[in-house]
Amino acid sequence: MLNEIKKLRESFNQEIDGISDGDSLDELEVSYLGRKSGKLNNILRGLKDLAEDDRKKVGPLANKLKKEIEENIVIKRKELIHGKASEEFFDVTLPGTKFPEGHLHLVTQAIREITHIFEKIGFTRVKYPEVEWDYYAFGALNMPLDHPARDEWETFFIDAEPVGPKGKRILTPHTSSGQVREMEKGKLPIRMINISKCYRRQADVSHLPMFHQFEGLLIAEQVTIANLKGTLEYFFKNYYGPDRKYRLRPFHFRFTEPSFEIDVSCDLCQGRGCKMCKAGWLELGGAGMVHPNVLKAGKIDPHKYSGFAFGWGVERVFLMKPGLNIPDIRMLYNNDLRFLQQF
Ligand code: PHE
């Protein structure tokens, strides 16, 4: 019996030395310590057949070997996992591996910031459909069918035949389609900020086929251009800081009278003129006093109520933030992490 224990120790030591992967170590463990046919258990099981004196000698030795085998297996397993002896000093206070941390997309950040600025002065964020009826995008905005002004919006039409009185379905080319939808809710006064996706057939350094607009609409009694200008001023100061230059240019929209386009001094060329802007000013979008016909379409009495509206591109407004220096609006949507991670 003593001899068998000695041999078992030797064979175990030899076998464990040759092991280099976890699976073989598991097999070795079972072949020595396994309950049914493990080599050591065979010996322990035979103890009961020994004379009492022998049992007293062999028993402790067999148990000692069992412990030894168990310990060696634990050490070997650690070695296989860590590739080195387990006794080595391990500093548990070292910082762990850092997981890469992302951030919200630049356009999402811009939408949140714009929303926040307008919420502070009582506007409520809404969202209207991207697939829209002709009626809300044009008809209700004082642009009857076949009116030439519609051409300015380079609209995508959906092939399906019109159903119902609201005409064809389109991909909304501007957030002004939310104006009459908001009025149809029947609640006054209105202080809406509609931020939604818009689509137009256009793509170059300053245009995207899919982009976002934010549309402000305020309807109440005695609203004047002074309120519109004050609101724009407030937005510019809060979004760009106190020194940024902007201008209102007289323009024409069918759904506002009078109408303006709003430009901001170009941050890329500091007003010198570049590919992004025209002669130092970048057009952000339009604005004006809501046309009485639009109020009528929304069942609001133009003799009692008046209002202003403005609609600007989120991406363009964002690009003009001081110091960004992004030379092409399409870069925002290339999804190149090397670009996005810089912000
Ligand atoms: N919807 C217009 C555009 O996309 C902008 C605009 C909005 C003009 C509101 C006037 C009032 O060009």
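Atoms within a ligand are numbered from 1 in the order they appear, just like the ligands themselves.
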- Query: So, Thr172 and Ser177: side-chain donor and acceptor under 3.5 Å apart, yes or no?
  - Reply: yes

- Task: Could you label the plane-to-plane angle of the Trp153 and Phe138 rings as parallel, tilted or perpendicular, counting under 30° as parallel and over 60° as perpendicular?
- Result: perpendicular

- Aromatic Tyr239 / basic Lys321 pairing, under 6.0 angstrom, 45° off normal: yes

- Message: Any non-hydrogen side-chain atom of Ser265 less than 4.5 Å from a side-chain atom of Tyr246?
- Response: no

- Note on the structure: From the list Ile43, Asn42, Asn3, side-chain contact (heavy atoms from CB on, under 4.5 Å) partner of Leu8 resolves to Ile43

Contacts table for ligand 1: protein N or O within a distance under 3.5 Å of ligand N or O, distances only.
from: ligand 1; atom 1: 1 (N); to: His174; atom 2: ND1; distance (Å): 2.9
from: ligand 1; atom 1: 1 (N); to: Ser176; atom 2: OG; distance (Å): 2.8
from: ligand 1; atom 1: 4 (O); to: Trp153; atom 2: NE1; distance (Å): 3.4
from: ligand 1; atom 1: 4 (O); to: Arg200; atom 2: NH2; distance (Å): 2.8
from: ligand 1; atom 1: 4 (O); to: Gln213; atom 2: NE2; distance (Å): 3.1

- salt bridge (charged side-chain N to carboxylate O under 4.0 Å, His left out) evaluation trace for Glu29 with Arg77: CA-CA 11 Å; Glu29 185 174 11; Arg77 187 157 283 135; 3.4 Å; yes

